[in-house]
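Notes for the one structure printed next.
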Protein chains: 4
Amino acid sequence: MSRQTTPLGRPRDPELDEKLMTAALLEYAQLGWGAFTMQGVARRAGVGKSALYLRWANKEQLLLDSVESVALTLRVNVDTGSLTGDLTALATALLEHFLDPIGWATLRITIDVTADFTDLQPFQQRIVRSLRTAAAGAFTRAVERGEMSADTAHEPLIESLFGAVLMHTLSRTQDERDHARAYPGEHVGPLVDVIVRSARPTKK
Amino acid sequence: MSRQTTPLGRPRDPELDEKLMTAALLEYAQLGWGAFTMQGVARRAGVGKSALYLRWANKEQLLLDSVESVALTLRVNVDTGSLTGDLTALATALLEHFLDPIGWATLRITIDVTADFTDLQPFQQRIVRSLRTAAAGAFTRAVERGEMSADTAHEPLIESLFGAVLMHTLSRTQDERDHARAYPGEHVGPLVDVIVRSARPTKK
Amino acid sequence: MSRQTTPLGRPRDPELDEKLMTAALLEYAQLGWGAFTMQGVARRAGVGKSALYLRWANKEQLLLDSVESVALTLRVNVDTGSLTGDLTALATALLEHFLDPIGWATLRITIDVTADFTDLQPFQQRIVRSLRTAAAGAFTRAVERGEMSADTAHEPLIESLFGAVLMHTLSRTQDERDHARAYPGEHVGPLVDVIVRSARPTKK
Amino acid sequence: MSRQTTPLGRPRDPELDEKLMTAALLEYAQLGWGAFTMQGVARRAGVGKSALYLRWANKEQLLLDSVESVALTLRVNVDTGSLTGDLTALATALLEHFLDPIGWATLRITIDVTADFTDLQPFQQRIVRSLRTAAAGAFTRAVERGEMSADTAHEPLIESLFGAVLMHTLSRTQDERDHARAYPGEHVGPLVDVIVRSARPTKK
DNA sequence: TATTAAACGAGACGGTACGTCGCGTCTTCTT
DNA sequence: AAGAAGACGCGACGTACCGTCTCGTTTAATA
């Protein structure tokens with residue numbers, strides 16, 4: 001006769017959700033698709049398979065969900081006083097994201113999702129949007145400061161900067177990536193410069 | 001007395017090598033890692049599994065080899081008379097490469113390879129190198145024309161341009177990608193502009 | 001506090017054990033070693049391969065186990081009032097066993113086992129023993145009746161009778177075996193006679 | 001215009017026929033059906049697969065042929081002066097045949113052939129016949145000597161003796177079979193006795 | 001002596017079964 | 001009802017062998 005029915009039986013362990021997604025990302029990051037297994041995730045989390053299948057229908061769903069939960073972490077939007085400073089902060093954050101195994105796993109899955117014709121826009125877009133809005137703030141402030149003319153399109157600049165960071169990570173050897181982890185500034189600086197120089201107002 | 005011994009037994013069918021790699025890339029492009037199977041490749045190529053396993057030890061090797069054989073295709077180096085023209089040609093080729101299912105598959109595999117700690121530099125580097133050398137030519141000619149100062153670093157510009165194309169492909173929906181396939185110029189133009197403006201010599 | 005722990009997880013389907021062994025024997029009886037396949041057994045039983053490999057490590061083990069479970073069926077020991085009657089009952093049972101495809105399969109496997117140097121005595125002996133004990137009863141009663149002297153060795157008589165039935169089955173054509181199935185008495189009679197005459201006490 | 005055409009080309013190596021069949025029997029005797037392979041036979045004989053498939057269409061044909069070529073070896077027919085002596089010679093020969101790995105392999109294959117509904121009478125019968133004719137001689141001489149009445153049926157006696165030897169081999173452990181190899185007389189004696197006693201004329 | 005056609009060693013090839021392992025579902029007992 | 005454990009039907013893995021098919025080389029009989 002209770003109106004506000006508490007669900008019967010044992011309640012779900014709320015800590016498991018996050019624990020399982022973390023385990024999934026680690027497993028994927030270390031082993032790749034080929035050796036990524038549900039029982040591997042369960043083992044790593046010290047859990048039975050039921051706990052997984054009660055929450056996700058299959059491997060793909062688990063991975064997508066896990067990736068999404070991580071993507072929201074990437075929220076950087078600081079005013080450092082200059083466009084170079086703002087973009088450096090952003091690019092550094094992204095570089096570190098890509099250098100982190102889990103961040104890289106996120107990218108791999110995004111790439112795979114993009115390939116499937118089943119257009120998982122909501123998933124994909126949410127991640128990209130967080131990057132764009134962060135960059136938009138930096139550009140707006142730059143225009144106010146006069147570092148950039150108001151009619152410059154943001155989109156190509158954003159794609160160039162973030163794409164450059166991605167390409168940089170992608171085209172380097174393991175040793176160079178290790179170096180970037182230690183000294184991100186040296187790697188990000190030249191890339192930010194490209195954007196800042198491109199954005200600077202044309203002299204008369 | 002012959003030093004140059006012909007290998008014994010029936011020789012391998014040389015047509016099969018290419019046929020199998022093509023089948024593998026198509027299979028991967030359509031299905032992704034999750035549903036990519038050796039027997040699927042064999043079936044598609046109308047071939048027994050033995051023909052596959054005589055050449056490659058496992059799925060990974062087959063895919064890596066297939067990707068490498070495709071990567072060499074990407075050879076663009078034309079002199080159009082202007083930096084904008086040269087870079088547009090390059091970026092368009094790359095965009096079309098990424099919009100092609102097989103080209104995209106190539107990227108996916110490169111990403112996966114980068115993740116593995118087993119540093120497959122020779123593989124990875126060979127692909128990237130073909131891009132860099134193509135761009136280097138364009139920049140050299142630009143310096144000669146006076147469109148660009150001699151002391152501008154190439155590397156960040158290259159990473160920005162190619163990364164931008166990649167990020168562009170990655171962050172768009174299926175519909176937008178279809179549009180890019182039809183009108184690549186509209187998509188590539190703004191990205192090339194970013195680079196050209198960044199590279200232009202500073203006015204006194 | 002419970003010492004007698006119930007085994008964890010879903011319990012094995014107890015009906016499957018027998019179903020699988022029956023399917024295995026039928027498959028073997030119909031197709032022989034050459035075409036006997038595990039997936040064939042699984043298909044016939046409407047079962048996945050896992051169910052088989054959870055119970056038996058390989059083809060050989062499955063067949064041995066199956067044979068053993070059938071061998072125990074051969075239990076005949078009746079007192080018909082005369083040695084001839086008792087032995088006829090026994091020999092008829094054995095003849096019918098050999099004429100049955102599954103019974104014959106049992107023999108084939110026993111022969112194979114005997115050949116292997118890995119001496120699977122427990123298996124082999126258990127089958128033979130059931131025959132010997134049955135015959136021993138008949139001989140004991142014959143001695144009591146005075147049909148046979150007490151100091152006659154049982155073993156050679158047993159081997160002669162059962163061996164004769166086996167050789168009879170082995171050396172006949174398919175047509176003759178069909179006839180034996182219909183009229184076992186005509187085939188068994190002469191063989192029993194040989195034994196009875198050999199066993200009869202010597203007249204002074 | 002030659003009438004007696006010699007076949008063209010390189011003639012078949014006549015030594016190979018026997019060499020290959022011997023290799024086949026050894027392979028089968030040591031490994032059994034399960035691990036009996038054509039390439040194994042070829043390897044053991046130091047020969048390519050072609051040499052095998054030029055002579056036999058498949059594994060089965062090779063084995064049947066090999067068995068048949070061996071069976072003809074079993075030709076014993078000596079007059080020792082007594083029925084016991086004659087039968088002992090025969091039974092000993094058969095016992096040694098069964099104790100020899102190749103002889104045992106012959107039996108295994110015979111058993112398998114008997115099981116198949118494809119009634120390979122010519123094969124099967126030829127082997128059995130050689131045994132029967134040998135025994136027939138011994139019985140004929142026994143009748144002449146007065147050790148046996150003329151109207152006693154031969155067939156059951158033959159089946160009993162040879163069957164007894166077979167059953168004896170079949171029901172013993174490896175150790176006991178080793179003993180029989182060293183002292184065949186001890187094992188054959190009791191079995192021959194059974195037959196001789198059964199065959200002796202009834203005293204008035 | 002040179003030609004010719006089959007025999008032969010080697011091994012690629014299209015298949016299929018092996019025995020293993022992971023999927024996603026199910027059934028059992030425990031919490 | 002959640003959860004750990006593990007059986008189950010299914011199907012791919014990578015291996016090994018089937019019987020067929022090229023290759024190049026060898027070996028007699030013929031020309």
Side-chain angles (χ1 to χ4, degrees), chain A residues 6-13 16 34-40 42-43 46-59, chain B residues 5-14 16 34-43 45-59, chain C residues 2 5-14 16 34-43 45-59, chain D residues 2 5-13 16 34-40 42-43 45-59:
Chain A
T6 311
L8 288 179
R10 173 175 170 177
R12 283 204 184 163
D13 183 340
L16 273 187
F36 175 80
T37 71
M38 289 300 256
Q39 13 221 49
R43 206 179 309 125
V47 141
K49 281 199 295 174
S50 11
L52 285 172
Y53 282 102
L54 278 172
R55 287 155 226 264
W56 297 279
N58 49 46
K59 289 211 278 192
Chain B
T5 44
T6 312
L8 289 178
R10 173 174 172 177
R12 292 204 182 153
D13 185 341
L16 275 186
F36 175 80
T37 71
M38 289 299 254
Q39 9 221 47
V41 175
R43 209 178 308 125
V47 139
K49 280 199 296 172
S50 23
L52 284 172
Y53 282 102
L54 276 172
R55 286 155 227 265
W56 297 279
N58 49 47
K59 294 209 275 192
Chain C
S2 66
T5 44
T6 312
L8 289 179
R10 174 176 171 178
R12 292 204 182 153
D13 185 339
L16 275 186
F36 176 80
T37 71
M38 289 300 254
Q39 8 222 47
V41 174
R43 208 178 310 125
V47 140
K49 282 200 294 172
S50 24
L52 284 172
Y53 282 102
L54 277 172
R55 287 155 226 265
W56 297 279
N58 49 46
K59 294 209 276 191
Chain D
S2 64
T5 44
T6 311
L8 288 179
R10 173 176 172 178
R12 286 201 184 161
D13 183 340
L16 274 187
F36 176 79
T37 72
M38 288 300 255
Q39 11 221 49
R43 207 179 309 126
V47 141
K49 281 200 294 174
S50 12
L52 284 172
Y53 282 101
L54 278 172
R55 287 157 227 264
W56 297 278
N58 51 46
K59 290 210 279 191

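Sequence lines set the chain letters: A, B, ... in the order given, protein chains first and strands last, and positions in each chain run from 1. Keep in mind that this is a model prediction, so the values were computed, not measured.
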If I take atom [atom1] in residue [X] and atom [atom2] in nucleotide [N], what distance separates them, rounded to the nearest angstrom?
X	N	atom1	atom2	value
Phe36(B)	dA12(F)	CZ	C1'	12 Å
Tyr53(C)	dG11(F)	OH	P	17 Å
Leu8(C)	dC26(E)	CG	C1'	17 Å
Leu52(C)	dG9(F)	CG	P	9 Å
Asn58(D)	dT20(F)	CG	P	8 Å
Leu16(C)	dT27(E)	CG	C1'	13 Å
Met38(B)	dG14(F)	CE	C1'	9 Å
Leu54(B)	dG11(E)	CG	C1'	9 Å

Earlier contact from the 5' end, DNA chain F, for Thr37(B) and Arg55(C): Arg55(C)
Gly9(B) vs Ser50(B), nearer the 5' end of DNA chain F by closest nucleotide: Ser50(B)
Residues in salt bridge (Lys or Arg N to Asp or Glu O under 4.0 Å) contact with Arg12(D), at least two apart in sequence or another chain: none
Along DNA chain E (nearest heavy atom to each residue), the more 5'-positioned of Gly46(B) and Lys49(C): Gly46(B)
Residue closer to the 5' end of DNA chain E, Lys59(A) versus Arg12(D) (nearest nucleotide): Arg12(D)
Side-chain (Lys49(A)) to main-chain (Ala42(A)) donor-acceptor, under 3.5 angstrom: no
N/O donor-acceptor pair under 3.5 Å between Lys59(D) side chain and Phe36(D) backbone: yes
Sugar-phosphate only, base, or nothing, as touched by Pro11(A) at under 4.0 Å among non-hydrogen atoms: sugar-phosphate
Residue-phosphate contact under 4.0 Å: Arg10(D) side-chain N/O, dT3(E) OP1/OP2: no
Pairwise side-chain contact, Arg55(C) with Leu16(C), heavy-atom cut-off 4.5 Å (strictly under): yes
Minimum-distance pair of heavy atoms, taken over all atoms of Ala51(B) and Val47(B): CB-CG1, 3.6 Å
